[in-house]
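Remember, predicted model here, so these are calculated numbers, not experimental data.
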Amino acid sequence: MQEPVISFQQVSKSYPLYHHVRGGIKHFLFNFSKGVRSLREEHYEALRDISFEVYKGEKFGIIGRNGAGKSTTLGLIAGVLKPNRGIVKVRGRISPLLALGAGFQRELTGRENIVMNGVLMGLTRREVKRKMEEIIEFSELGDFIDRPILTYSSGMMARLGFSVVAHLDPEILLIDEVLGVGDIRFQKKCLKKMTEFKESGITMVLVTHSINSVITLCDRAMWIDNHTVRMIGKPLELAIAYCEEAGVEFDPTAYDQAQPQVESSMV
């Protein structure tokens with residue numbers, strides 16, 4: 001039996017609502033003990049008892065409304081968040097495409113950031129440098145690659161972020177709505193790279209609002225609704241159910257050959 005590389009067992013995640021002071025600041029100060037207890041007890045529930053598995057080499061999509069818990073799920077897989085309850089198991093090196101450019105050091109050049117990010121991802125400097133020119137060429141940053149990141153636009157940082165992660169031999173690739181990087185031509189390059197991942201043995205977890213991306217890139221998909229798992233199954237079956245719930249017209253036969261861009265309005 002195939003072993004999962006990602007396993008969630010009845011996982012729940014909540015966040016304390018520290019920003020919420022019921023009755024105003026004066027009421028809070030005059031009832032300090034009660035107010036502090038209230039702050040500690042009140043939480044926002046992002047995920048509730050979710051369970052699923054992702055297998056080696058599988059392309060797994062996650063869809064749902066904004067605030068459903070999709071990005072929290074990726075954060076738990078990446079290890080940047082810890083569950084309040086349940087067990088999260090991950091086997092393999094994680095390469096996150098969550099917030100492109102978020103891990104860059106602004107004072108360092110693009111080239112220096114490529115090396116630093118590669119090492120943080122578990123690669124040796126030699127392994128990163130072997131991929132350096134390929135990363136730079138894909139990013140299309142030209143002479144900017146030897147300038148400090150603080151001189152980059154947000155789009156340039158995103159392009160470099162995608163190029164770094166996409167070319168450093170990921171084992172488990174986490175993707176959170178980052179396929180709209182740069183101009184249309186560069187987006188096509190990114191989409192082509194994602195298609196290459198689909199045809200490879202890389203395990204991929206994709207969070208998106210794009211029904212088209214789920215159907216074209218994924219083997220299975222999960223629908224998170226109201227912080228719980230609503231459905232897990234084949235992308236096309238899940239897309240039909242998802243769009244019916246949203247009241248969005250969906251023609252599954254359109255995906256037999258042409259596979260046009262179809263976006264869910266549940267955003």
Side-chain angles (χ1 to χ4, degrees), residues 6 50 52 54-55 57-75 77-78 95-100 138-140 154-155 158-159 161-163 165-167 170 172-226 229-267:
I6 299 171
I50 74 167
F52 67 94
V54 180
Y55 299 96
E58 187 174 29
K59 280 59 180 176
F60 191 82
I62 303 176
I63 62 174
R65 294 176 182 268
N66 283 338
K70 305 183 302 299
S71 294
T72 296
T73 302
L74 282 196
I77 296 172
S95 298
L97 277 170
L98 306 182
L100 292 177
F138 190 92
S139 71
E140 301 178 358
S154 58
R159 283 162 60 177
F162 185 94
S163 303
V165 175
H167 288 84
I172 301 175
L173 184 61
L174 308 182
I175 309 163
D176 190 2
E177 292 287 10
V178 295
L179 299 182
V181 177
D183 56 27
I184 293 176
R185 187 180 55 81
F186 194 81
Q187 289 176 28
K188 288 183 178 179
K189 283 181 64 173
C190 294
L191 218 49
K192 182 180 178 182
K193 193 67 180 176
M194 300 309 300
T195 303
E196 291 176 12
F197 286 146
K198 177 177 172 60
E199 297 168 353
S200 71
I202 295 170
T203 304
M204 188 167 71
V205 180
L206 168 68
V207 159
T208 181
H209 286 110
S210 169
I211 297 300
N212 181 74
S213 296
V214 171
I215 294 173
T216 56
L217 295 175
C218 298
D219 305 313
R220 281 194 307 142
M222 175 173 67
W223 173 9
I224 298 181
D225 183 37
N226 194 27
V229 175
R230 175 75 173 266
M231 179 181 176
I232 297 177
K234 294 180 179 180
L236 190 57
E237 295 174 355
L238 188 140
I240 293 171
Y242 183 67
C243 288
E244 284 180 353
E245 174 77 11
V248 177
E249 185 176 351
F250 179 75
D251 179 12
T253 61
Y255 287 86
D256 289 343
Q257 294 180 359
Q259 299 193 359
Q261 183 73 23
V262 176
E263 298 290 339
S264 168
S265 65
M266 293 178 68
V267 296

Single hit among Thr73, Val214, Ile62 for side chain to side chain contact (heavy atoms under 4.5 Å, CB included) with Val207: Ile62
Return the minimal non-hydrogen interatomic distance between [X] and [Y], and the atom names on each side.
| X | Y | result |
| --- | --- | --- |
| Ala221 | Leu238 | O-CD1, 3.3 Å |
| Leu174 | Leu74 | CD1-O, 3.8 Å |
| Cys218 | Pro235 | O-CG, 3.4 Å |
| Ile232 | Phe60 | CG2-CE1, 4.4 Å |
| Ile224 | Gly69 | CD1-O, 4.1 Å |
| Arg65 | Tyr242 | N-OH, 3.9 Å |

Decide yes or no for [X] and [Y]: does some side-chain heavy atom of the first lie under 4.5 Å from some side-chain heavy atom of the second?
| X | Y | value |
| --- | --- | --- |
| Asp219 | Tyr55 | no |
| Asp225 | Met231 | no |
| Ile172 | Ile6 | yes |

Nearest-0.5 Å distance that lies between atom CD in Glu58 and atom CE in Met204: 10.5 Å
Cys243 side, atom SG; Ile63 side, atom CD1 - distance, nearest 0.5 Å: 7.5 Å
Residue list, side-chain contact (heavy atoms from CB on, under 4.5 Å) with Lys193, at least two apart or on another chain: Phe138, Phe162, Ala166, His167, Glu196, Phe197
Check: Lys70 side chain, Gly64 main-chain N or O, donor-acceptor pair, under 3.5 Å: yes
Under 3.5 Å: donor-acceptor pair, side chain of Lys59, backbone of Ile202: yes
